[in-house]
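Below: the structure, in structure tokens.
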Amino acid sequence: DIQMTQSPSSLSASVGDRVTISCQASQDITNYLNWYQQKPGKAPKLLIYGASNLVTGVPSRFSGSRSGTDFTFTISSLQPEDIATYYCQQYDDLPLYTFGQGTKLEI
Amino acid sequence: QLQLQESGPGLVKPSETLSLMCTVSGGSISSNSYFWGWIRQPPGKGLEWIGSIYYAGRTYYNPSLKSRVTISVDTSKNQFSLKLSSVTAADTAVYYCARHFVGVPENWFDPWGQGTLVTVSS
């Protein structure tokens with residue numbers, strides 16, 4: 001099975017900060033990675049698919065990139081409404097879909 | 001706008017079967033390219049995919065749960081369901097249903113239902 005290692009597990013930042021979250025796959029998954037946002041008490045929401053494609057309607061301050069088996073999720077300028085837990089999810093090891101452990105973002 | 005809503009008992013006894021329903025509104029469950037999935041989240045923990053089903057009945061299950069899981073679909077009611085047998089306290093979680101797009105190179109879960117908490121306890 002492909003293991004996804006997400007870091008950090010928690011992160012505190014200030015409004016306006018640039019925030020980055022990492023997700024490392026245990027083997028090559030090409031670009032087969034998504035990022036989700038889960039606000040407290042709510043269901044997850046898809047933000048980025050295929051490593052770097054922004055879902056329509058999602059603010060452009062969110063972005064994703066890939067370098068080998070390392071994936072990065074970035075918020076260019078943190079806003080108060082971005083407080084949430086963020087998860088990566090791989091879809092290369094089908095039919096098993098696995099999520100990272102999550103990163104709790106606080107202000 | 002597509003919406004999903006989970007329903008079912010919030011309390012299940014150990015060794016019994018957990019049964020949940022997901023009702024899809026604002027779109028057809030018989031859409032091409034879309035599967036329909038179940039994902040769960042134990043309190044304070046991360047997300048675990050349980051399985052997905054296509055409207056024609058094709059299913060994929062998480063190997064770690066496969067022996068206990070059955071997902072079925074009722075296209076006439078625009079619903080799909082989850083059954084998880086022989087539950088233990090470790091199955092206590094918020095259960096989400098979600099639309100599951102399966103394509104190449106895209107494959108994602110969105111939107112999700114609001115989730116329903118199922119507690120396993122005697």
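These values consider heavy atoms only, across backbone and side chains, with no hydrogens, waters or symmetry-generated copies. Here is the naming used below: chain letters follow the sequence lines, and residue numbers restart at 1 for every chain.
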For the hydrophobic clusters of this structure (ILVMFWY residues joined by side-chain heavy atoms under 4.5 Å, transitively), does one cluster hold both [X] and [Y]?
X	Y	result
A:Ile107	A:Leu105	yes
B:Leu11	B:Val120	no
B:Val24	B:Met21	no
B:Phe35	B:Leu2	yes

Under a 4.5 Å heavy-atom cut-off, does chain A meet the side chain of [X], its backbone, both or neither?
X	result
B:Tyr96	side chain
B:Val104	side chain
B:Pro105	both

Contacts of residues 36-54 of chain A with chain B (heavy atom under 4.5 Å) |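 The list, in residue order, reads A:Tyr36, A:Gln38, A:Lys42, A:Ala43, A:Pro44, A:Lys45, A:Leu46, A:Tyr49.
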Going by residue number, which parts of residues 85-97 of chain A are within reach of chain B, meaning a heavy-atom gap below 4.5 Å?
->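 A:Tyr87, A:Gln89, A:Tyr91, A:Leu94, A:Pro95, A:Leu96, A:Tyr97, listed by number.
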Out of curiosity, B:Asn62 CG to A:Thr98 OG1, how far, rounded to the nearest 0.5 Å?
-> 9.0 Å
May I ask you to name which of B:Gln114, B:Gln41, B:Lys45, B:Glu48 has the most heavy-atom pairs under 4.5 Å with chain A?
->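 The candidate making the most pairs under 4.5 Å is B:Gln41.
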Taking all non-hydrogen atoms of both residues into account, name the closest pair between B:Leu47 and A:Phe99 and its distance.
->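 Looks like O-CD1, 3.5 Å.
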